[in-house]
Amino acid sequence: MLILSRKIDEKIRIGEDIVITLIDVHGDQVKIGVEAPKTIKVFRQEVYEAIQNENKAAVVPEEKDNAITRDAVSALSKLLKK
């Protein structure tokens, strides 16, 4: 991890397209600005984790849903064999 010290209005550049600007420091809160191309998604960590969890939940049904799906597949299989 790279750790940098910056004063208000000083910037950090990441590659060619991303600029981080220190906007304000008030007590234990730091405000930063992020300039990046629209094709690059920028999230707070907790929002990113929530999105990842929602995506995983959408792909992997809960165990209850798995049981219903197995029952439906079993019933369909029996009907197709008749």
Side-chain angles (χ1 to χ4, degrees):
M1 174 187 305
L2 173 64
I3 299 174
L4 301 170
S5 297
R6 298 277 75 198
K7 295 178 182 174
I8 292 177
D9 292 329
E10 291 185 332
K11 301 175 186 298
I12 298 168
R13 182 168 289 276
I14 301 172
E16 297 287 323
D17 299 331
I18 301 171
V19 178
I20 309 292
T21 305
L22 182 61
I23 304 296
D24 189 26
V25 178
H26 189 75
D28 63 349
Q29 186 177 51
V30 176
K31 291 184 181 179
I32 60 171
V34 180
E35 296 174 56
K38 291 184 180 188
T39 57
I40 297 177
K41 296 178 180 171
V42 178
F43 298 105
R44 294 177 309 192
Q45 182 67 29
E46 63 273 16
V47 171
Y48 178 80
E49 289 170 1
I51 292 168
Q52 294 301 309
N53 290 337
E54 288 294 321
N55 288 342
K56 288 177 187 173
V59 173
V60 180
E62 293 182 20
E63 186 57 37
K64 181 177 76 172
D65 294 338
N66 284 342
I68 293 170
T69 302
R70 283 192 301 269
D71 292 345
V73 169
S74 177
L76 182 58
S77 293
K78 288 178 184 174
L79 285 173
L80 292 173
K81 288 180 182 176
K82 290 183 178 181

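Source: prediction; values computed, not measured. The analysis underlying the following values was restricted to heavy atoms, covering all of them including side chains, and did not include hydrogens, waters or symmetry mates.
Nearest heavy atom pair, residue Leu22 against residue Val30, reads CD1-CG1, 3.2 Å. Of all non-hydrogen atoms in Ile32 and Ile23, the two that sit nearest each other are C-CG1, 3.7 Å.
A heavy-atom distance below 4.5 Å is found between the side chains of Leu4 and Ile12. For the pair Ile18/Ile40, a side-chain contact is recorded, criterion being any heavy-atom separation below 4.5 Å from C-beta on.
Sequence neighbours left out, the pairs with a member in residues 9-25 that pass salt bridge (Lys or Arg N to Asp or Glu O under 4.0 Å) are Arg6-Glu10. Residue pairs satisfying the salt bridge (Lys or Arg N to Asp or Glu O under 4.0 Å) criterion with at least one member in residues 28-44, sequence neighbours excluded, are listed as follows: Arg44-Glu46.
Cluster note: Ile3 groups with Met1 through ILVMFWY side-chain heavy atoms spaced under 4.5 Å, whether in direct contact or through intervening members.
For the side-chain contact (heavy atoms from CB on, under 4.5 Å) test, residues two or more places apart in sequence or in another chain that qualify with Ile51 are Phe43, Val47, Asn55. The side-chain hydrogen bond (donor to acceptor under 3.5 Å, both in side chains) test applied to Gln45 returns Glu49, not counting sequence neighbours.
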